[in-house]
> 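This is the structure I have questions about; it appears just below.
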Amino acid sequence: MSLCVCLQVKVENQYDFQDIASVVALTKTYATSEPFIDAKYDVRIQKIGTNYKAYMRTSVSGNWKTNTGSAMLEQIAMSDRYKLWVDTCSEIFGGLDICAVEALHGKDGRDHIIEVRKVHHLQFVSIPQVVGSSMPLIGDHQDEDKHLIVELVLTRMAQAIPRTPVPSPVRSASGQHVQVRHL
């Protein structure tokens with residue numbers, strides 16, 4: 001069994017970077033580095049079937065990670081740009097029915113897509129598996145989102161498994177088999 005741990009560390013200068021590099025060297029694994037984005041807030045755009053929602057999360061605690069410490073989460077209007085992002089990511093991964101795009105809105109006014117969360121193979125999954133996927137549900141409308149997922153799964157299952165009349169053997173009170181047709 002392998003364990004995957006992903007840590008984010010803000011490094012202020014080359015000396016801090018060297019310290020982190022020495023710690024990584026002890027773990028016999030690897031690390032990546034990327035430019036720091038000073039974020040004003042982060043945005044999450046989710047698609048469940050034909051339903052779209054966008055959320056903005058703003059740090060209240062002043063932490064450099066907007067998803068750490070105290071943060072305010074509010075649903076915001078779905079812009080054409082956000083819809084284009086999530087629809088494009090859905091198509092890139094083969095036409096996903098359920099996915100989300102996460103982005104940082106920098107203090108410089110630029111947006112940076114940082115992650116795509118997706119649910120694979122929607123057929124024949126139970127709701128705990130969907131909710132436990134790499135796309136957790138957020139916000140005040142989680143019950144609505146769960147209902148949307150249930151409806152989507154039922155629709156996909158109905159498309160994949162056509163309902164045909166199949167006789168089912170049922171025993172009568174006398175113990176004889178009786179044919180019952182389910183429609």
Side-chain angles (χ1 to χ4, degrees), residues 4-11 32-163:
C4 178
V5 177
C6 180
L7 302 173
Q8 292 180 337
V9 178
K10 182 178 175 187
V11 176
T32 61
S33 65
E34 56 192 41
F36 175 71
I37 299 167
D38 196 7
K40 186 175 181 182
Y41 56 85
D42 66 56
V43 178
R44 178 196 168 114
I45 305 101
Q46 76 178 31
K47 173 187 178 196
I48 301 173
T50 58
N51 183 277
Y52 297 82
K53 288 186 178 85
Y55 295 93
M56 177 175 73
R57 184 171 45 198
T58 308
S59 175
V60 176
S61 62
N63 197 306
W64 64 272
K65 291 184 189 182
T66 54
N67 65 347
T68 302
S70 298
M72 280 184 34
L73 180 69
E74 64 180 293
Q75 188 170 353
I76 58 174
M78 175 60 67
S79 69
D80 291 339
R81 183 177 189 194
Y82 291 163
K83 188 173 183 303
L84 176 65
W85 287 356
V86 76
D87 283 341
T88 301
C89 289
S90 168
E91 290 307 312
I92 287 171
F93 290 100
L96 297 171
D97 287 315
I98 302 174
C99 64
V101 173
E102 296 185 6
L104 294 177
H105 181 79
K107 290 182 179 174
D108 61 359
R110 295 175 52 205
D111 291 318
H112 307 267
I113 295 174
I114 59 169
E115 190 168 0
V116 176
R117 294 179 173 263
K118 55 199 175 297
V119 175
H120 291 289
H121 310 295
L122 187 54
Q123 302 140 332
F124 314 114
V125 295
S126 67
I127 293 306
Q129 290 172 317
V130 173
V131 174
S133 73
S134 67
M135 194 194 105
L137 301 176
I138 63 171
D140 294 334
H141 302 281
Q142 292 180 35
D143 288 338
E144 175 189 340
D145 294 340
K146 288 176 187 177
H147 179 73
L148 290 168
I149 292 170
V150 167
E151 291 300 318
L152 184 58
V153 170
L154 291 174
T155 299
R156 290 289 186 237
M157 287 179 71
Q159 292 169 350
I161 306 170
R163 294 188 71 160

> Between atom CE of Met157 and atom CG of Leu154, what is the distance when rounded to the nearest 0.5 Å?
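Reported to 0.5 Å precision, the distance equals 7.0 Å.
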
> More than 12 heavy atoms of other residues, nucleotides or ligands under 6.0 Å from CG of Asp80: yes or no?
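Result for CG/Asp80: open.
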
> Report yes if the side chains of Ile45 and Met78 come closer than 4.5 Å at any heavy-atom pair, otherwise no.
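Touching, per the 4.5 Å side-chain cut-off.
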
> Pick out which of Tyr41, Tyr55, Tyr82 makes a side chain to side chain contact (heavy atoms under 4.5 Å, CB included) with Ile76.
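Output: one option passes, namely Tyr82.
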
> Say you draw a straight line from NE2 of His112 to NE2 of His105; how long is it, rounded to the nearest 0.5 Å?
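Going from the NE2 atom of His112 to the NE2 atom of His105 covers 9.0 Å.
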
> Drop me the distance from Ile92's CD1 to Cys99's SG, to the nearest 0.5 angstrom.
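These two atoms lie 10.0 Å from each other.
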
> Could you grab the distance from atom CD1 of Ile37 to atom CG of Asp42, nearest 0.5 Å is fine?
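Going from CD1 on Ile37 over to CG on Asp42, the span is 11.0 Å.
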
> If I compare all heavy atoms of Ala100 with all of Val86, which pair ends up nearest, and what's the gap?
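Between these two residues, the closest heavy atoms are CA-CG2, 4.4 Å.
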
> When you look at CD of Glu34, are more than 12 heavy atoms from neighbouring residues, nucleotides or ligands closer to it than 6.0 Å?
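Open.
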
> Are any of the side-chain heavy atoms of His147 and Asp143 separated by less than 4.5 Å?
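They are not in contact (no side-chain heavy atoms under 4.5 Å apart), so the answer is no.
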
> Which one of Glu144, Arg44, Lys47 satisfies the side chain to side chain contact (heavy atoms under 4.5 Å, CB included) criterion with Lys53?
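Going through Glu144, Arg44, Lys47 one by one, the side chain to side chain contact (heavy atoms under 4.5 Å, CB included) with Lys53 is satisfied by Glu144 alone.
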
> Do Leu104 and Arg110 pass the side chain to side chain contact (heavy atoms under 4.5 Å, CB included) test, and can you show the C-alpha distance, the side-chain angles, and the key distance before you say yes or no?
CA-CA 8 Å; Leu104 294 177; Arg110 295 175 52 205; over 6 Å; no

> Between Ala71 and Arg57, which heavy-atom pair has the shortest distance, and what is it?
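Minimum heavy-atom separation between Ala71 and Arg57: CB-CG, 3.7 Å.
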
> For Leu152 versus Gly49, what's the shortest heavy-atom pair and its separation?
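It is CD2-N, 3.8 Å.
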
> Would you compute the distance between atom CD of Gln46 and atom CG of Leu148 and round it to the nearest 0.5 angstrom?
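Reported to 0.5 Å precision, the distance equals 9.0 Å.
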
> How about Asp97 and Ile48: do any of their side-chain heavy atoms sit closer than 4.5 Å?
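In short, these two side chains do not touch, never coming nearer than 4.5 Å.
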
> Would you say Ile98 and Ile149 make side-chain contact, with heavy atoms under 4.5 Å?
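They are in side-chain contact.
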
> Would Tyr52 and Asp87 count as a side chain to side chain contact (heavy atoms under 4.5 Å, CB included) here? Give the steps.
CA-CA 10 Å; Tyr52 297 82; Asp87 283 341; 2.5 Å; yes

> Between Ile138 and Asp145, does a side chain to side chain contact (heavy atoms under 4.5 Å, CB included) hold up when you go through it step by step?
CA-CA 9 Å; Ile138 63 171; Asp145 294 340; over 6 Å; no

> Give, for atom SG of Cys89 and atom CD1 of Ile113, the distance between the pair rounded to the nearest 0.5 Å.
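So the SG of Cys89 and the CD1 of Ile113 are separated by 5.5 Å.
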
> Any idea which heavy atoms bring Thr58 and Lys40 closest together, and the distance?
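Residues Thr58 and Lys40, closest heavy atoms: CG2-O, 3.9 Å.
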
